[in-house]
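Below is one structure, written out as structure tokens; comments come after it.
Sequence lines set the chain letters: A, B, ... in the order given, protein chains first and strands last, and positions in each chain run from 1.
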Protein chains: 2
Amino acid sequence: MADQLIDETDREILELLREDARRTLGDIGARVTLSTAAVKRRIDRMQENGVIVGYTVQIDHAKLGWGIEAFTELRFTGTTKVGEIVRTTTRMPEAQAVFTIAGDPDALVWLRVRDMGHLQRTIDEIRRHHQVTGTKTLMVLDSWTRGQQWPLDGD
Amino acid sequence: MADQLIDETDREILELLREDARRTLGDIGARVTLSTAAVKRRIDRMQENGVIVGYTVQIDHAKLGWGIEAFTELRFTGTTKVGEIVRTTTRMPEAQAVFTIAGDPDALVWLRVRDMGHLQRTIDEIRRHHQVTGTKTLMVLDSWTRGQQWPLDGD
DNA sequence: TCTGAAAGAGTTTAGCA
DNA sequence: TGCTAAACTCTTTCAGA
């Protein structure tokens, strides 16, 4: 039985799409030695599988003036509904990601903001909306994320 | 003087590409009331600008068996070269992102692994390669990142 | 599950407002 | 900047192996 959701060729295709999601099927096919039709079938299957969730553009936020990144650790009262925090936080444009944590802290929020004043207002807003008993904010000096080399500001 | 790198229409185009980077130029054009040629020119410009860094596929790693996420806080000795940590860590397939931090801890590594044994080995490897004076690992219960709704496991 | 071919879409370039 | 139009490329489907 094929108990694997994807095979080695699918993995290669995913890697190529991770590097550049706008590659054409023909280009991918040439690299994995497959016809465009075969590549299409595999990608379609991975989308139906849910292995491929979607495709997105990678943006240099610093160029748009949102040059500051931070992590805020949140601690809640015992009665706080964690799902509620996630829901309200994810509506803030400053939130890049929200992680609920087992143990201490209770959650970690990755923020991106324009300046320090903006950071302060953002943290205040998170505190205002929830029964947060404490926050600790870590300022990010530099970041790297897989599949996206943070540009080295060649301006 | 046009001191803004992008205008409101560019912003709309970015938002549409963030939702689905494989949208066609014609589809984007219809949504922002522009011809496909005009949309193309704007996207080309944003790529040359460096505002658009690239395009990538969003993968459901849990479906591929890498279902565990964690953050590891790292503390180094005073003599540790931070750039070195980033370089070696980013080579590990388990590392999703690496953040260097001002203050304490010195760095935050976002890891994705298959199981707890794998997590342990990964953390051991990070410790082995560097003059790490201490680590603290936060287990992620649930995560959300912008532009990628973590699938609600409809299996 | 693959390939190859044909038809339909989408992209890209060029010329002009 | 924008538009339209034409040439070109890519995607998608289908028949056959």
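- Here dA9(C) presents its C1' atom at 13 Å from CG of Asp27(B), a figure rounded to the nearest Å.
- Listed pair Lys40(A) / dC10(D) fails the phosphate criterion, with no side-chain N or O lying under 4.0 Å from OP1 or OP2.
- Between Arg23(A) and dC10(D), a side-chain N or O to OP1/OP2 separation shorter than 4.0 Å is absent.
- For the pair Glu69(B) and Phe99(A), the tightest heavy-atom approach, listed with the atom from each and the gap, is OE1-CE2, 3.9 Å.
- Rounded to whole Å, atom P of dT11(C) lies 14 Å from atom CG of Leu34(B).
- Here dT3(C) presents its C1' atom at 18 Å from CD1 of Ile28(A), a figure rounded to the nearest Å.
- Remark: P of dC3(D) and CG of Leu25(B) are 13 Å apart, rounded to the nearest angstrom.
- Inspection of the Tyr55(B) and Glu19(A) side chains reveals no N or O donor paired with an N or O acceptor under 3.5 Å.
- Ranked by how close their nearest DNA chain C nucleotide is to the 5' end, Asp44(B) and Ser35(A) are led by Ser35(A).
- The interatomic distance linking Ile43(B) (CD1) with dT13(C) (P) rounds to 14 Å, in whole Å.
- In this structure, CZ of Arg42(B) is placed 8 Å from C1' of dT1(D), rounded to the nearest angstrom.
- Listed pair Arg41(A) / dC2(C) meets the phosphate criterion, a side-chain N or O lying under 4.0 Å from OP1 or OP2.
- Among Asp106(A), Thr135(A), Asp104(A), Thr133(A), the single residue meeting the side chain to side chain donor-acceptor pair (under 3.5 Å) criterion with Arg75(A) is Asp104(A).
- Rounded to whole Å, the distance from CG on Leu17(A) to P on dT11(D) is 11 Å.
- The side chain of Ala38(A) has dC2(C) as its nearest neighbour among dG10(C), dT11(D), dC2(C).
- Taking the six-membered ring for Trp and thresholds of 30 and 60 degrees, Phe71(A) and Trp110(A) have nearly parallel ring planes, at less than 30 degrees apart.
- At whole-Å resolution of the value, CG in Asp20(A) and P in dC10(D) are 13 Å apart.
- Atom NZ of Lys81(B) has 12 or fewer heavy atoms from other residues, nucleotides or ligands within 6.0 Å.
- For the pair Ala37(A) and Arg22(A), both in contact range of DNA chain C, the more 5′-proximal nearest nucleotide belongs to Ala37(A).
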